[in-house]
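Structure, as structure tokens:
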2 protein chains.
Amino acid sequence: MPVHDHQLHEGESLREAARERLTRQGEQWTGMREAVFDALAGFDKPASAYDIAEAVSKAQERRVAANSIYRILDLFVGANLARRVESANAYVANTHPDCLHDCIFLICDQCGQAVHIDNDRLTGGVRDAAKEAGFTQTRPVIEVRGTCGDCDPN
Amino acid sequence: MPVHDHQLHEGESLREAARERLTRQGEQWTGMREAVFDALAGFDKPASAYDIAEAVSKAQERRVAANSIYRILDLFVGANLARRVESANAYVANTHPDCLHDCIFLICDQCGQAVHIDNDRLTGGVRDAAKEAGFTQTRPVIEVRGTCGDCDPN
DNA sequence: CAATGCAATGTTATGTTGTAACTTGTCCTC
DNA sequence: GAGGACAAGTTACAACATAACATTGCATTG
């Protein structure tokens, strides 16, 4: 039961939505940024900056330093095009960049897959708890490490 | 309003509780482990393995490698004597090692302070959500980055 | 008590993740 | 085409983490 409707993109459409979003923020959609976004979106699990550097290097047949990737990933995270998975030191593309909310990641310790769920009741509760403790400008990090259904079919 | 009672330890008492707990698990309470625990408990904010290595090195007037610290920290986390703060790559002593539950950390981006709160309703909700998605052997990571009341007194 | 075994720790090396500082390239404007 | 502004490249290094193997010290037992 989805809490709200939002557009889920994939492939061309996703890249297009990302480009839209980024340019709307006054940032440029460059070849390099597109390459990084494509690489990121091409992974089926959270990818490290170095994973992405390798993928882009391969795609472009030239060496691309992790450094540059970090810059672009930071930009993406700031623009909601990507999310950082803290407990995995890795990043995932955001499939609905126009929709701004906290999210919860479930990460399988076996296969590395991450699934993303939304639950505003929970994330709101966490935000409230932080506020109550006097924290401001809060950014919740809610992740669950565990074993996914595919890896533990019991 | 505490959700439940539990013993909060500090200083001698905390070390004693930790020793108790560890030995009860069949592990040894060695001089090195005590030194690491004391160093960890001596920090007023989450400390990295390297911070602790430095503190122990100073206390013992000899070089202690980060390596050994990691081993002991892993042991501590496994025995509930310490917690890892994922979003800070750092560790904190657990002031009530006999009480097993999920916890929530609020970390100030300005001063690095971390405060620890318990809220079984929230952590339980996160666990339930993960279970619903087919995950087992779950270990929630719930942290909030933000600015603490001292750093932003508005 | 020597021999053995085992757990803890030490040592060295290396892998992984993340930043800093500065340079170069490109595009736009005047 | 000079100058500014931003993207990207380059080099270096800092910070975090693990692997592989050696050594130490203590407990057991023959």
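None of the values given here were measured: they were computed from a predicted structure. As a basis for the values below, the full set of heavy atoms in this structure was taken, side chains included, without hydrogen atoms, waters or symmetry mates. The sequence lines fix the lettering, A, B, ..., with proteins before strands; numbering per chain opens at 1.
Closest to the side chain of B:Asn89, out of C:dG18, D:dC16, C:dA8, is D:dC16. The side chain of B:Tyr50 sits closest to D:dA17 out of C:dT12, C:dG10, D:dA17. Candidate nucleotides D:dC16, D:dA17, D:dA8 were compared by shortest atom distance to the side chain of A:Thr30, and D:dA8 ranks first. Of the candidates C:dA7, C:dA20, D:dA8, C:dA7 carries the atom nearest the B:Gln28 side chain, counting heavy atoms from C-beta on. The side chain of A:Glu27 lies closest to D:dA7, out of C:dA8, D:dC16, D:dA7. Closest to the side chain of B:Asn67, out of D:dA17, C:dG10, D:dA20, is D:dA20. Closest to the A:Ala65 side chain, of the nucleotides C:dA8, D:dT10, C:dT11, is D:dT10. Comparing C:dT17, C:dT9, D:dG9 against the side chain of A:Tyr70 picks out C:dT17 as the nearest.
B:Ser68 has no side-chain polar atom (N or O) that falls below the 4.0 Å cut-off from OP1 or OP2 of C:dT9. Side-chain N/O atoms of B:Arg62 include none lying less than 4.0 angstrom from OP1 or OP2 on C:dT9.
Between the C1' atom of C:dA8 and the CH2 atom of B:Trp29 lies a distance of 15 Å, rounded to the nearest Å. Spacing between atom CG of A:Asp51 and atom C1' of C:dT17 amounts to 11 Å, rounded to whole angstrom units. As a whole-Å value, the separation of A:Glu54 CD from C:dG15 P is 14 Å. Computed from coordinates, the A:Ile52 CD1 to C:dG18 P distance equals 11 Å when rounded to whole Å. Between the CD1 atom of A:Ile69 and the C1' atom of D:dG9 there is a distance of 12 Å, given to the nearest Å. Straight-line distance from the CG atom of A:Leu73 to the P atom of D:dA8: 12 Å, rounded to whole Å. Counting to the nearest Å, the P atom of D:dC6 and the CG atom of A:Leu75 are 13 Å from each other. B:Asp74 places its CG atom 10 Å from the P atom of D:dA19, with the value rounded to the nearest Å.
Judged by distance alone, the side chain of A:Asp152 and the main-chain N or O of A:Thr147 form no donor-acceptor pair under 3.5 Å.
When the side chains of ILVMFWY residues are joined at heavy-atom separations under 4.5 Å, either directly or via intervening members, A:Val77 and A:Ile104 end up in two distinct hydrophobic clusters.
Between the side chains of B:Arg145 and A:Thr138, not a single donor N or O lies within less than 3.5 Å of an accepting N or O.
When the shell of 6.0 Å around CD of B:Glu132 is examined, it contains 12 or fewer heavy atoms from other residues, nucleotides or ligands.
Among the heavy atoms of the strands lying under 4.0 Å from B:Arg71 is at least one base atom, whether or not backbone atoms are also near.
Here the straight-line distance linking atom CD of B:Glu86 with atom CD of A:Glu86 works out to 9.0 Å at 0.5 Å rounding.
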